[in-house]
Student: 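Below you will find the structure I want to go over with you.
We count ligands from 1, going down the list as the structure has it; atoms in each ligand are counted the same way.
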Amino acid sequence: MPKPSERDDWETRKDRIIGLGERSFRKSYYPQLRHNLDRLERFHTLLDHTSDFVVLLSLPEGIITDANAALGELLGEPAEALVGRSFASLGLGDAAAVLDTLRQEMSLLGERTPTPSHSVVTEFCRAASLLWLEFSYRVAGVDGTCYGVMVGRDVTERKRSHEMVAALLAEKEALLENALVGIIMVRERRVVSCNRRFEEIFGYPAGSMIGQSTRVLYQTDETFSSFGEEAYRSLVSGEGFTATVMMVHADGHAFWCDLTGSALDPLHPENGAIWILTDVTERKLAEDRAKFLSYHDALTGLPNQSLLQDRLQQAVAFSHRGGTKVALMAVDLDRFKAVNDFLGHRAGDEMLVEVAARLKRCMRSTDTVSRQGGDDFLLLLTNIAEPDTIITFLGELLRHFLEPFQIDGKEVTTSVSVGVAIYPEDGADFETLHRKADMAMYRAKDAGRNTYRFFNEEMNGDALEKMTMHSGLRRGLEAQQFVLYYQPQIEIDSGRLVGAEALIRWNHPDLGLVSPGRFIPVAEESGLIVEIGDWVLREACRQAVRWRQAGMRAPLVAVNMSALQFKRGDIEASVAGALESSGLDPAMLELELTESILIGDTENVLATVKRLKQMGVKLSIDDFGTGYSSLSYLKRFEVDKLKIDQSFIRDLATDAEDAAIVRAIIQMARSLGLRTIAEGVETKEVLDLLAVHRCDEAQGYFHGRPMPADDFMAFIAARLANGEMA
Ligand code: C2E
Ligand code: CA
Ligand code: CA
């Protein structure tokens, strides 16, 4: 743009022109010219005050015909100095390309208005610093001459900040993309965005999860919704949410994932949340394995002592509430050392694994086998309601070990010695029970191995048996484990079979045939004798009828009565029921009462016995001579027979005192009109003496032992065949 000095120059020149033809000029052109010149000047001022660069080029030469102050400032030269220079010489990076475009578009002038505008961002080096300039440019025609009009600005700052933002974004993206955790933004349970790792963890192709529901990541609708609800509660409260959840891979396999989420804005959870996910399956497996190992024996995989201790505590607490028992058993392999010594440690280990398996096979799933190290095993039996299950278990355990082991291709026989301690009897804590079980185990070893011992010595004897029976009796009754044996009663004078005493036996699955002397007292203690007695009555009557049906002139059947049946049971109904259901003639049933029954609650018993007599059944007094032997009740109760107790009979031949007692009883009975029977007759000698004393009947091994019903039938048949009176 012209400088003020030049402008003055222009003023003088202008005035000179005006001076040449002043009159006419002033009249016609001067005001117009003046107006145009002012306008041009204002325009120049405007351009010189804009911060944008403005430059006008002549085309096609590309020579600068005009430039504003801003461009001059940029290039460090006065704007006027630029006029006449070629545009290409300014040093702008893309000058050549800009000129090309402008030249090409010269032809558009007049055809298209306005001509297309272009823009370019080009670099420019000024005093060692790189600037970025943005130009917009187009061709323009002025009075038929073609120009290039360019307007530009320094965009270095803007470009730098764009670059910075881009770099920052790239960094962030790299951070997300290279993270070893899955990162995902979720809104309304749909994936808004996620990193690659997330897709890798779940096995989805890149980008395929965007917009998808997160339901596919969960196993079931339930886990999806319950997890969602739980997480939502935490997120709206502004807390982060962390959980380890079983999730599903695209290929369907389930795996463990750690999830941590936080809401973008807890006040507006609908805006979404960021979740970080890590596949923790390996860690979880390792943890599980470590946890397993910390509670298990590495060789056998059995629970170790700490786990057993835990379980024992739980079992004790449980049993305490339920009134049941817990047994802790110390099991030691007999002669295990020999296996180690002769076959080597590897074989020893193999043996221990086999032993563990065998022990496990003996146990219920709720019980625990544990290895303490070496060949020491501990067994925990919990919640034992019926103590006889302990005996049953021990019997089975010993039996399981009778079978030889196959170790390293060789047959190895062993056995176990077991010591048993019981909660609550022997203690309530692991230490105590363990110590006592060990002590008992050593006693089992001392007793010759392949056996068991209870810590509580009493348990090794009667108490345990009683305990065992108490619980077993009812089941015995239900499982029909009871049987009746029959013992013949013979009339001494005629040798005729006149009666059969029914004697109960218990066919116990573990204890074998148990005699009534062992379990009747227990049944009386528990009251179960009432039900057992009822069964005996029915069974005996039924059997008597059977013999008769088989054509035998069957004998009377004698049934033992317990005092409790009179006290607690409805003995009349029981007897009537047995007679009725069997159809037995009441006269063929004899009830053996003990003196203790008759001296009890006399009035009631008297009435009951009277009614029984009225039914037509016979009554005898069992074990006579050992109790009160009072004559008065014999009369009142109208009994039919006295059974002289076997303690007087056994030594009848040798013991004068016994002989005197027996004689006295027989005489007294005769005087009262009662029959007598001697029980426990084992020899001909005793039988002969009884005949001398005029005893009516005899029962004992001499004539026959108690025998099963079928044998008894054979017994009758054999006597008939021998010509004896059946
Ligand atoms: P008890 O009524 O005195 O029965 C006689 C016992 O002596 C029977 O024993 C019998 O086997 C045995 N015995 C018989 N002959 C001889 C002999 O020659 N020599 C010897 N040494 N013993 C002989 P068991 O069968 O063991 O019965 C024992 C007791 O059990 C019975 O004594 C009776 O009190 C009771 N009992 C048996 N069955 C029942 C029953 O069904 N109900 C009730 N309440 N008690 C029963
Ligand atoms: Ca008897
Ligand atoms: Ca008896």
Side-chain angles (χ1 to χ4, degrees), residues 469 473 476-477 481-490 499-507 512-544 556-569 571 574-575 578 589-597 618-627 629 639-653 662 665 676-687 690 697-709 711-712 715:
M469 283 178 185
L473 279 170
L477 194 59
Q481 289 167 359
F482 293 108
V483 282
L484 289 185
Y485 276 38
Y486 300 88
Q487 188 176 30
Q489 299 176 331
I490 307 293
E501 182 180 2
L503 294 159
I504 193 169
R505 303 285 180 267
W506 183 9
N507 210 343
L513 204 62
V514 185
S515 74
R518 282 168 73 193
F519 69 85
I520 291 288
V522 183
E524 284 180 329
E525 226 169 75
S526 68
L528 202 66
I529 189 66
V530 175
E531 279 170 67
I532 294 176
D534 187 60
W535 175 84
V536 173
L537 267 170
R538 284 169 183 277
E539 177 63 18
C541 291
R542 205 178 57 88
Q543 191 55 58
L556 159 157
V557 64
V559 173
N560 291 282
M561 290 287 129
S562 158
L564 221 66
Q565 285 172 277
F566 278 80
K567 263 192 226 149
R568 279 210 213 146
I571 186 66
S574 183
V575 169
L589 175 64
E590 184 171 77
L591 304 180
E592 295 195 1
L593 314 179
T594 57
E595 290 172 286
S596 62
I597 296 177
K618 298 236 157 55
L619 298 178
S620 69
I621 307 295
D622 205 353
D623 305 335
F624 193 80
T626 56
S629 310
V639 294
D640 301 284
K641 203 193 273 182
L642 296 185
K643 281 191 93 169
I644 307 167
D645 191 73
Q646 46 184 297
S647 58
F648 304 110
I649 307 299
R650 204 176 297 133
D651 303 323
L652 193 62
V662 170
I665 292 175
T676 47
I677 178 167
E679 58 179 345
V681 180
E682 295 185 357
T683 59
K684 175 85 171 65
E685 219 182 344
V686 168
L687 183 67
L690 287 168
E697 297 167 17
Q699 176 183 347
Y701 294 171
F702 179 73
H703 290 107
R705 291 183 173 248
M707 57 194 106
D711 293 3
F712 194 83
F715 173 84

Student: If you check every N/O/S atom of Asp622, which is the one nearest the Ca ion (ligand 3)?
Tutor: OD1
Student: Once you restrict to heavy atoms under 4.0 Å, what part of Arg650 touches ligand 1? Side chain, backbone, both or neither.
Tutor: neither
Student: Do me a favour and list the nearest non-hydrogen protein atom to atom 6 (C) of ligand 1 with residue, atom name and distance?
Tutor: Gln646 NE2, 3.6 Å
Student: Quick one: do the Gln489 and Gln699 side chains pair a donor with an acceptor below 3.5 Å?
Tutor: yes
Student: Would you say Ile504 and ligand 1 have an N/O pair spaced under 3.5 Å apart?
Tutor: yes
Student: Would Gln487 count as a polar contact of ligand 1, with the cut-off being nitrogen or oxygen pairs under 3.5 Å?
Tutor: yes
Student: What's the shortest heavy-atom distance between Gly476 and Phe482, and which atoms?
Tutor: C-CE1, 3.7 Å
Student: For atom 19 (N) of ligand 1, decide whether some protein heavy-atom distance is shorter than 4.0 Å.
Tutor: yes
Student: Taking 4.0 Å as the limit for heavy-atom contacts, which would you say applies to Arg705 with ligand 1: side chain only, backbone only, both, or neither?
Tutor: neither
Student: Does the side chain of Leu687 reach to within under 4.5 Å of the side chain of His703, using non-hydrogen atoms?
Tutor: yes
Student: Give me the nearest non-hydrogen protein atom to atom 45 (N) of ligand 1 as residue plus atom name, then the distance to 0.1 Å.
Tutor: Asn560 CB, 3.6 Å
Student: Taking Phe624 as the fixed residue, which of Ile621, Asp622, Thr626 is the one that meets the side-chain contact (heavy atoms from CB on, under 4.5 Å) rule?
Tutor: Ile621
Student: Have a look at ligand 1 and work out which part of Val681, if any, has a heavy atom under 4.0 Å from it: side chain, backbone, both or neither.
Tutor: backbone
Student: Has Glu679 got an N, O or S atom lying less than 3.0 Å from the Ca ion (ligand 2)?
Tutor: no
Student: With a 4.5 Å limit on heavy-atom distance, are the side chains of Asn507 and Arg505 in contact?
Tutor: no
Student: Closer than 4.0 angstrom: is that true for some heavy atom of Gly533 and an atom of ligand 1?
Tutor: no
Student: Looking at Asp623, which of its N, O or S atoms is the nearest one to the Ca ion (ligand 3)?
Tutor: OD1
Student: Output the atom name for the N/O/S atom of Glu501 with the smallest distance to the Ca ion (ligand 2).
Tutor: OE2
Student: Answer side chain, backbone, both or neither: which part of Asp622 comes under 4.0 Å from ligand 1, heavy atoms only.
Tutor: side chain
Student: Heavy-atom contact under 4.0 Å between Lys643 and ligand 1?
Tutor: no
Student: Protein heavy atoms near atom 34 (O) of ligand 1, is at least one of them under 4.0 angstrom away?
Tutor: no
Student: Who gets closest to atom 13 (N) of ligand 1 by heavy atom: Phe519, Tyr701, Phe482?
Tutor: Tyr701
Student: Starting from atom 29 (C) of ligand 1, what is the nearest protein heavy atom, named by residue and atom, and what distance separates them?
Tutor: Pro516 CG, 4.3 Å
Student: Which one holds for Leu503 and ligand 1: side chain close, backbone close, both close, or neither close, with close meaning a heavy atom under 4.0 Å?
Tutor: both
Student: How far is atom 21 (N) of ligand 1 from its nearest protein heavy atom, and which residue and atom name does that atom have?
Tutor: Glu682 OE2, 3.1 Å
Student: Can you sort out which atoms of ligand 1 are near Glu501, meaning under 4.0 Å from one of its heavy atoms?
Tutor: 2 (O), 4 (O)
Student: Can you tell me the protein heavy atom closest to atom 11 (O) of ligand 1 and the distance?
Tutor: Pro706 CG, 3.2 Å
Student: Would you check if Gln481 and Trp506 make a side-chain contact, meaning some heavy-atom pair closer than 4.5 Å?
Tutor: yes
Student: Atom 9 (O) of ligand 1: protein heavy atom closer than 4.0 Å?
Tutor: no
Student: Ligand 1 and Gln565, any nitrogen or oxygen pair closer than 3.5 angstrom?
Tutor: no
Student: What N/O/S atom of Glu592 is the closest to the Ca ion (ligand 2)?
Tutor: OE1
Student: Between ligand 1 and Gln699, is the shortest N or O to N or O distance under 3.5 Å?
Tutor: no
